[in-house]
Number of protein chains: 2
Amino acid sequence: MKGKITREYIVESADRLFYQRGYEHTSFSDIADFVQISKGNFYYHFKSKDEILAAVIQLRLENTRNMLAKWEADGERPEDRIMSFIDMLIANLADIKMYGCPVGTLCTELAKLNHASRAEANELLFLFRSWLSRQFVSLGLEAKADELAMHLLARSQGVATLAQAFQDEGYEGFIKHEVEQMHAWLSCTASAAQSAQEAGAGR
Amino acid sequence: MKGKITREYIVESADRLFYQRGYEHTSFSDIADFVQISKGNFYYHFKSKDEILAAVIQLRLENTRNMLAKWEADGERPEDRIMSFIDMLIANLADIKMYGCPVGTLCTELAKLNHASRAEANELLFLFRSWLSRQFVSLGLEAKADELAMHLLARSQGVATLAQAFQDEGYEGFIKHEVEQMHAWLSCTASAAQSAQEAGAGR
DNA sequence: GTCTATATTTGGATAGAC
DNA sequence: GTCTATCCAAATATAGAC
């Protein structure tokens with residue numbers, strides 16, 4: 001069962017390295033060095049670099065699904081659940097400043113490479129989009145749910161991009177400020193939805 | 001003076017290729033093939049790949065400065081000028097769907113590569129930021145000008161990222177819808193600034 | 001200024017011993 | 001399952017002829 005462990009360790013390391021350095025800029029040797037195995041052994045576990053990328057994306061998909069399920073279980077109201085999404089920017093502040101959003105930067109890179117795994121990477125984004133969309137539906141905003149989901153997703157992507165580019169040249173507290181604004185936007189959207197529903201019920 | 005022309009042609013071609021395929025993923029041969037010169041000749045004009053990237057960034061900086069100056073000259077009110085920025089998303093719709101934002105994607109890539117020219121690429125983003133900031137100052141929003149500039153910049157970056165990732169899977173008219181919302185946000189911000197100023201003047 | 005030819009290095013990938 | 005040794009292709013870069 002040693003193989004299982006090594007394989008997992010490779011995937012986790014590659015995940016981290018791809019995030020920090022980018023997929024193309026991370027070589028087999030980089031991963032092998034990090035995991036401290038020989039390149040030959042590496043190929044016992046993965047036949048190609050594409051294959052390891054596919055494994056990394058599968059791992060991320062799984063982790064993301066678990067995270068979304070947890071948010072779903074933990075958040076009482078839909079607003080609370082959406083808040084979990086927004087607050088990711090704060091929870092991962094340090095990493096985002098250094099390496100951007102792991103999902104967005106991967107999708108951007110694979111798009112330029114025209115890589116075979118591009119669609120799977122986009123599925124990561126889509127997971128967030130459809131999850132957010134469902135939350136907005138729960139808020140009673142069926143008609144605009146997907147629009148609102150895309151809007152919020154776009155804003156968090158934009159914040160991550162600028163946070164990484166400017167790092168500490170961004171005005172102090174840029175991310176926190178944007179997060180606060182997203183909170184405000186969400187409260188506004190949620191309460192508007194509620195009064196619309198009450199008005200509908202009162203008719 | 002043939003050299004001047006060739007050099008310029010190389011830089012323009014590299015600019016385009018770096019945008020479409022990414023910097024690291026574009027090889028010398030790719031550029032040489034595109035320009036239809038030999039690799040040997042290539043090195044007469046540029047000693048290294050880093051050097052050509054630097055030239056490409058300088059070209060983009062120059063083009064950006066010219067564009068901003070034109071917007072400045074053409075737009076009557078500050079709102080109109082800011083609108084020019086927002087409408088870039090529409091003007092470059094097709095390219096953005098295919099390749100994302102040329103500035104954002106370059107900054108993201110160079111950040112991961114930890115590339116020497118990273119700071120110069122960021123300067124491109126900074127050009128937009130400080131220009132937008134000045135427009136908000138003209139609107140009478142000195143105190144919040146940089147915040148508002150960063151906010152708008154982030155939103156346009158986010159829209160570009162999602163537009164590229166989802167391409168036609170995004171709901172129909174995603175970019176246009178977001179642009180409309182940015183217009184609305186801008187009108188709202190501008191008129192609030194105006195009434196604040198009038199209230200101040202009326203005191 | 002432009003070419004062909006070639007050197008150098010790196011990264012992806014394989015063979016075969018242990 | 002892991003290693004060493006090696007191959008191959010691609011990419012950066014140089015030398016020298018025209």
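Reminder, nothing fancy here: chain letters follow the sequence lines and each chain counts from 1.
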Fill in: Residues in contact with DNA chain D, drawn from residues 22-40 of chain A - heavy-atom cutoff 4.0 Å
A:Ile37, A:Ser38, A:Gly40

Item to complete: Return the value, rounded to whole Å, for the distance between atom OH of B:Tyr9 and atom P of C:dT2.
Response: 13 Å

Response to the item:
What one should report as the nearest heavy-atom pair of B:Ala55 and B:Arg7 is CB-NH2, 4.2 Å

Worksheet item: Taking atom P of D:dT6 as reference, at what distance in whole Å does atom CZ of A:Phe42 sit?
Response: 22 Å

Item to complete: Rounded off to whole Å, could you give me the CG-to-C1' distance for the A:Leu113 and C:dG12 pair?
Response: 15 Å

Fill in: Phosphate OP1/OP2 of D:dG1: any A:Tyr44 side-chain N/O under 4.0 Å
yes

Worksheet item: Distance under 6.0 Å and angle within 45° of the ring axis: does A:Arg129 meet both against B:Phe166?
Response: yes

Worksheet entry | N or O in side chain of A:Tyr43 less than 4.0 angstrom from C:dT14 OP1/OP2 | no

Practice prompt. Taking the six-membered ring for Trp and the single ring otherwise, decide whether the centroids of B:Phe28 and B:Tyr43 are under 6.0 Å apart.
Written response: yes

Worksheet item: Are any of A:Asn41's side-chain N or O atoms less than 4.0 Å away from OP1 or OP2 of D:dG1?
Response: no

Worksheet item: Taking CG from A:Asp50 and P from C:dG11, how many angstroms apart are they, rounded to a whole number?
Response: 17 Å

Discussion item. In whole Å, I'd like the distance from the NZ atom of B:Lys49 to the P atom of C:dT9.
Written reply: 19 Å

Item to complete: Determine the minimum heavy-atom distance between B:Val159 and B:Phe174, stating which atoms define it.
Response: O-CE2, 3.7 Å

Worksheet item: So, A:Gln181 versus A:His177: side-chain donor-acceptor pair below 3.5 Å or not?
Response: yes

Fill in: Exercise: identify the closest heavy-atom pair between A:Ala190 and A:Glu79
CB-CG, 3.4 Å

Worksheet item: For C:dG12, does either OP1 or OP2 sit under 4.0 Å from a side-chain N or O belonging to A:Ser48?
Response: no

